[in-house]
There are 2 protein chains.
Amino acid sequence: MNIGEVADRSGLPPKTIRYYEDIGLVRPLRHDNGYRAFREHDLHKLAFLGRARTLGFSIEDCRTLLGLYEDETRESAQVKAVAEEHLETIDEKIRQLQSMRATLSHLVEACHGDHRPDCPILSDLAGSQPKSN
Amino acid sequence: MNIGEVADRSGLPPKTIRYYEDIGLVRPLRHDNGYRAFREHDLHKLAFLGRARTLGFSIEDCRTLLGLYEDETRESAQVKAVAEEHLETIDEKIRQLQSMRATLSHLVEACHGDHRPDCPILSDLAGSQPKSN
DNA sequence: GCTTGACCTTCCAGTCACTGGAGGCCCTAT
DNA sequence: ATAGGGCCTCCAGTGACTGGAAGGTCAAGC
């Protein structure tokens, strides 16, 4: 398989696949003309990576997970630990975004949004403390 | 004011303040010895930027907001539009993270996490479709 | 006057995970 | 012979900083 076909079947862009080879996540063979020669095994790994990335795992997590996937002697506890840590990272990000969202939506609601210049959003950014003063 | 004092009072690291000068968000004067000379006005702007960044606005949004803040002829509708667009970006990110979270937490719950190698997390990443098959 | 240490300067490189583009080779069809 | 599409490598850019090296400046203490 050439890279184009692997890209189609894995859903990853060719650029990304080359990048994954660069950083050692896949090691396709080469044809005599220099083209990468992917086997089913490589395609499988790339699909695995694509799925792991859509779940938000970092590249380093992906590397670890791929290693565990190919290690017959793994313990599921190792996989679970990686996933749980990632889950906590996600939860932390959600919390931060929701905190931003709360503040911002209050401000947006308070802003009349017309032709006049006065604006509670700017006042807040400029450091007014409308309630705790 | 030297950069250290501005850093303390704005809560931004000196490196970040220099970076903001690099990209033209603040333009401090200079002392004869080459040190940056910040006025109250600069500190105010930096605090504004720090607050806007904690609300998740991009640097380019911050530039726009700062411009509006300093423009007496602004209309609050312009500010509100920037904020609303950012709010939608945040909502989209939250949705994506919650979708990841849902999938991942199902998988984590399904994984017994012991010494045995079989693991539903890896099975999912490898492309099994446990239910729709 | 000298040293020490804190503070300041610039510049370069690295982060993360790609992505775009230039310049050029390879392959197939016409 | 040529046109096109696919493939190759290498370099640079993204966003928003952050770390570190190499060196100038300043105030305090001896």
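The chains referred to below are lettered A, B, ... by the order of the sequence lines, with proteins before strands, and numbering in each begins at 1. Side chains included, hydrogens not; waters and symmetry mates left out as well; all remaining heavy atoms used. Nothing here was measured: the structure is a model prediction, and the numbers come from that model.
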Could you work out how much the helix from C:dG1-D:dC30 to C:dT30-D:dA1 bends, comparing the axis of its first five pairs with that of its last five, to 10°? 30°

Has A:E92 got more than 12 heavy atoms of other residues, nucleotides or ligands less than 6.0 Å from its CD? yes

Given D:dA16, D:dT25, D:dC8, the nucleotide with the shortest approach to the side chain of A:I3: D:dC8

Under-4.0 Å side-chain N/O to phosphate OP1/OP2 contact, B:R36 with C:dC8: no

Verify the contact: side-chain N or O of A:T16 to OP1 or OP2 of C:dT19, cut-off strictly under 4.0 Å; return yes or no. yes

Side chain of A:P13 only, heavy atoms from C-beta on: which candidate in C:dC8, C:dT19, C:dA17 is closest? C:dT19

By nearest atom, which of the nucleotides C:dC26, D:dT9, C:dA17 is closest to the A:Y35 side chain? C:dC26

Closest to the B:R18 side chain: C:dT10, D:dC8, C:dA17? C:dT10

I want to verify a distance call: between C:dC18, C:dC11, C:dT9, whose nearest atom is closest to the B:K15 side chain? C:dC11

If two hydrophobic side chains count as joined below 4.5 Å and joins carry through other members, does A:M1 share a cluster with A:Y35? no

Measuring to OP1 and OP2 of C:dT10, would you say a side-chain N or O of B:R30 lies under 4.0 angstrom away? yes

Do B:R36 and B:E21 meet the salt-bridge criterion of a basic N to acidic O distance under 4.0 Å? yes

Less than 4.0 angstrom between a side-chain N/O of A:N33 and OP1 or OP2 of D:dC8, yes or no? no

For B:R30, look at atom CZ and say whether over 12 heavy atoms of other residues, nucleotides or ligands are found less than 6.0 Å away. yes

Can you tell me if B:D71 uses its side chain to pair, donor with acceptor, with the backbone of B:T73 under 3.5 Å? yes

